[in-house]
Number of protein chains: 2
Amino acid sequence: MATDDLMSRALAALGEDGAPSVEVIHALADLGATPGPMTIAEAAVHLDVSPHTLRYYERAGLVQVSRDSAGHRVYDDVALRRLVFLTRMRLSGMPVRDLQHYVALVDAGKRTEPERLDILLEHRDTVRRRIRELTLSLAATEYKIATYGGSTGPDVEPVTDQADG
Amino acid sequence: MATDDLMSRALAALGEDGAPSVEVIHALADLGATPGPMTIAEAAVHLDVSPHTLRYYERAGLVQVSRDSAGHRVYDDVALRRLVFLTRMRLSGMPVRDLQHYVALVDAGKRTEPERLDILLEHRDTVRRRIRELTLSLAATEYKIATYGGSTGPDVEPVTDQADG
DNA sequence: GCTTGCCTTCGAGCGCGCTCGAATCTCTAC
DNA sequence: GTAGAGATTCGAGCGCGCTCGAAGGCAAGC
């Protein structure tokens with residue numbers, strides 16, 4: 001089950017109301033399936049990013065990846081789980097810098113859990129704010145679409161094109 | 001009524017359910033209030049961007065701004081309305097490149113309205129997709145927050161820290 | 001008159017997140 | 001043995017959207 005497939009399926013399962021089901025949440029939590037060791041090309045497909053990006057993440061210290069006898073990267077379950085987390089956080093807009101901080105905390109041990117939780121809580125709020133912004137922009141866009149022709153509103157009938165048309 | 005104030009107020013009025021009220025939509029459509037001519041500093045506050053950004057938008061051909069006798073920019077209602085539109089679209093993630101295309105169509109006259117409408121429709125879909133992505137990421141983040149301590153799920157009790165903790 | 005402050009233009013610089021190219025290595029297939 | 005695919009490292013480059021700095025202009029206040 002590739003992550004992009006999973007996201008696609010989850011997106012498909014997510015109704016217009018925007019309330020994810022329990023199944024979707026469980027699917028996103030990646031419970032169960034351990035896809036096993038894979039090459040960088042396979043991992044890239046699995047995570048829906050480019051091999052270049054995977055190497056970049058590794059260089060950035062976000063994930064450690066072992067090598068086989070040929071020196072090629074081997075993505076095991078540990079690396080893949082972290083990368084699923086990382087790509088998901090990136091998709092939701094968390095900067096790489098913040099992720100570097102977060103993984104540093106993870107690597108620093110269990111005592112950093114409170115701070116990690118704080119980061120997640122703050123990120124949650126950021127995502128919520130962003131969703132609201134987008135919801136408003138969406139409403140404005142839909143309003144503009146619905147009233148097209150009267151570019152500043154329904155009570156204005158422009159003779160020529162308006163500036164914000 | 002500054003645009004940022006308006007957005008703040010609209011955000012405050014927007015409940016957890018994420019369904020904007022008619023009032024909010026009307027407010028976002030900027031019906032009524034014409035703030036009159038203002039300086040670049042005033043416009044920047046009004047639009048919640050920097051003067052640098054306003055000059056950049058003008059250089060990018062997104063808006064035309066006249067000058068007073070001293071050569072200073074004068075933001076009239078036409079410019080301000082367009083900038084409200086532009087900043088809103090930017091906020092919702094439309095690339096400057098696309099906005100350049102859009103305003104070029106506006107300046108090309110009424111016959112380009114169908115294409116403009118297409119752009120808005122496509123943008124609407126893009127914003128919807130993005131909202132869904134963020135909603136899913138939010139759900140995953142909230143799940144992780146709720147199950148914190150069991151970093152890969154509730155059925156796993158890690159002895160040491162997990163890679164995706 | 002002179003300082004202060006905000007404005008102007010212009011081009012350059014920057015932070016982010018990749019993205020790419022070059023040179024080289026390893027494995028597989030023919 | 002040799003061609004080809006795909007991997008490696010490294011540093012550089014790029015597209016985006018600003019952001020800044022330098023050098024100078026204009027108007028008001030002391």
Side-chain angles (χ1 to χ4, degrees), chain A residues 3-4 37-76 79-80 82-83 85-103 123 126 130 133-134 137, chain B residues 4 37-76 79 82-83 85-103 123 126 130 133-134 137:
Chain A
T3 300
D4 53 329
M38 44 178 81
T39 68
I40 192 170
E42 292 163 348
V45 170
H46 180 71
L47 295 160
D48 199 25
V49 297
S50 74
H52 280 303
T53 299
L54 290 179
R55 294 191 195 100
Y56 164 70
Y57 285 173
E58 186 179 347
R59 263 194 293 182
L62 293 179
V63 62
Q64 288 186 353
V65 184
S66 53
R67 301 289 191 277
D68 65 13
S69 59
H72 292 192
R73 287 172 176 80
V74 177
Y75 289 85
D76 60 12
L80 286 172
R82 178 171 284 198
L83 281 166
F85 171 72
L86 291 170
T87 50
R88 181 174 300 143
M89 295 308 258
R90 285 293 306 121
L91 193 62
S92 64
M94 183 177 280
V96 167
R97 183 177 303 268
D98 291 4
L99 287 170
Q100 287 171 326
H101 182 200
Y102 189 92
V103 301
H123 180 62
T126 299
R130 185 72 186 127
E133 275 180 4
L134 287 179
S137 298
Chain B
D4 52 330
M38 45 178 81
T39 68
I40 192 171
E42 291 164 347
V45 170
H46 180 71
L47 296 160
D48 198 26
V49 297
S50 73
H52 281 303
T53 299
L54 289 179
R55 294 191 195 100
Y56 164 70
Y57 285 174
E58 186 178 348
R59 263 194 292 182
L62 294 179
V63 62
Q64 288 187 353
V65 184
S66 54
R67 300 289 190 276
D68 64 13
S69 59
H72 292 192
R73 287 172 176 81
V74 177
Y75 289 84
D76 59 13
R82 179 173 285 199
L83 281 166
F85 171 73
L86 291 171
T87 51
R88 181 173 300 143
M89 295 307 259
R90 285 293 305 122
L91 193 62
S92 65
M94 183 177 281
V96 167
R97 183 177 303 267
D98 291 4
L99 286 169
Q100 287 172 326
H101 181 199
Y102 190 91
V103 301
H123 180 62
T126 300
R130 185 71 186 128
E133 275 180 4
L134 287 180
S137 298

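Chain A is the first sequence line, chain B the second, and so forth, proteins listed ahead of strands; every chain is numbered from 1.
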Table please: side-chain donor-acceptor pairs of residues 54-66 of chain A below 3.5 Å, with sequence neighbours left out.
{"from": "E58(A)", "atom 1": "OE1", "to": "R73(A)", "atom 2": "NE", "distance (Å)": "2.5"}
{"from": "E58(A)", "atom 1": "OE2", "to": "R67(A)", "atom 2": "NH1", "distance (Å)": "3.0"}
{"from": "E58(A)", "atom 1": "OE2", "to": "R67(A)", "atom 2": "NH2", "distance (Å)": "3.0"}

Please classify the nucleic acid contact of [X] as base, sugar-phosphate, or nothing, using heavy-atom distances under 4.0 Å.
{"X": "R55(B)", "result": "base"}
{"X": "A41(A)", "result": "sugar-phosphate"}
{"X": "P95(A)", "result": "sugar-phosphate"}

Looking at dT8(D), dC18(D), dT8(C), which one has an atom nearest to any side-chain atom of R90(B)? dC18(D)
Starting at [atom1] of [X] and ending at [atom2] of [N], how long is that distance when rounded to a whole Å?
{"X": "Y75(B)", "N": "dC6(C)", "atom1": "OH", "atom2": "C1'", "result": "14 Å"}
{"X": "L54(B)", "N": "dC7(C)", "atom1": "CG", "atom2": "P", "result": "11 Å"}
{"X": "L91(A)", "N": "dG17(C)", "atom1": "CG", "atom2": "P", "result": "13 Å"}
{"X": "L47(B)", "N": "dC18(D)", "atom1": "CG", "atom2": "P", "result": "13 Å"}
{"X": "D48(B)", "N": "dC18(D)", "atom1": "CG", "atom2": "P", "result": "12 Å"}
{"X": "M94(A)", "N": "dC16(C)", "atom1": "CE", "atom2": "P", "result": "15 Å"}
{"X": "I40(A)", "N": "dT9(D)", "atom1": "CD1", "atom2": "C1'", "result": "12 Å"}
{"X": "R97(B)", "N": "dC18(D)", "atom1": "CZ", "atom2": "P", "result": "14 Å"}

Just N and O in the side chain of Y57(A): are any of them under 4.0 Å from OP1 or OP2 of dC18(C)? yes
Under 4.0 Å between a side-chain N/O of R67(B) and OP1 or OP2 of dT9(C), yes or no?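 Yes, R67(B) has a side-chain N/O under 4.0 Å of OP1/OP2 on dT9(C).
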Sequence-distant partners of A41(B), side-chain contact (heavy atoms from CB on, under 4.5 Å), two or more places apart: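 With neighbours one apart ignored, the set is T39(B).
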Rounded to the nearest 0.5 angstrom, the NE2-CE distance for H123(A) and M89(A) is 4.0 Å
Measure the spacing between CG of L47(B) and CG of L91(B) and express it to the nearest 0.5 Å.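 Reported value, rounded in 0.5 Å steps: 12.0 Å.
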Minimum heavy-atom separation for [X] and [Y], please, with both atom names.
{"X": "S137(B)", "Y": "R88(A)", "value": "OG-O, 4.0 Å"}
{"X": "L80(A)", "Y": "Y75(A)", "value": "CD1-O, 3.7 Å"}
{"X": "E42(B)", "Y": "P37(B)", "value": "OE1-O, 4.5 Å"}

Inter-axis angle, terminal five-pair segments of the helix from dG1(C)-dC30(D) to dC30(C)-dG1(D) [nearest 10°]: 10°
Test side chain to side chain donor-acceptor pair (under 3.5 Å) applied to H52(A) - qualifying residues, sequence neighbours left out: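 Side chain to side chain donor-acceptor pair (under 3.5 Å) check on H52(A) returns nothing, list empty.
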Show me the protein contacts with nucleotides 19-26 of chain D, counting only N or O atoms at under 3.5 Å.
{"from": "dT19(D)", "atom 1": "O4", "to": "R59(B)", "atom 2": "NH2", "distance (Å)": "3.4"}

Got a sec, which residues hit salt bridge (charged side-chain N to carboxylate O under 4.0 Å, His left out) with R130(A), two or more places apart in sequence or on another chain?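 Here the qualifying residues are E133(A).
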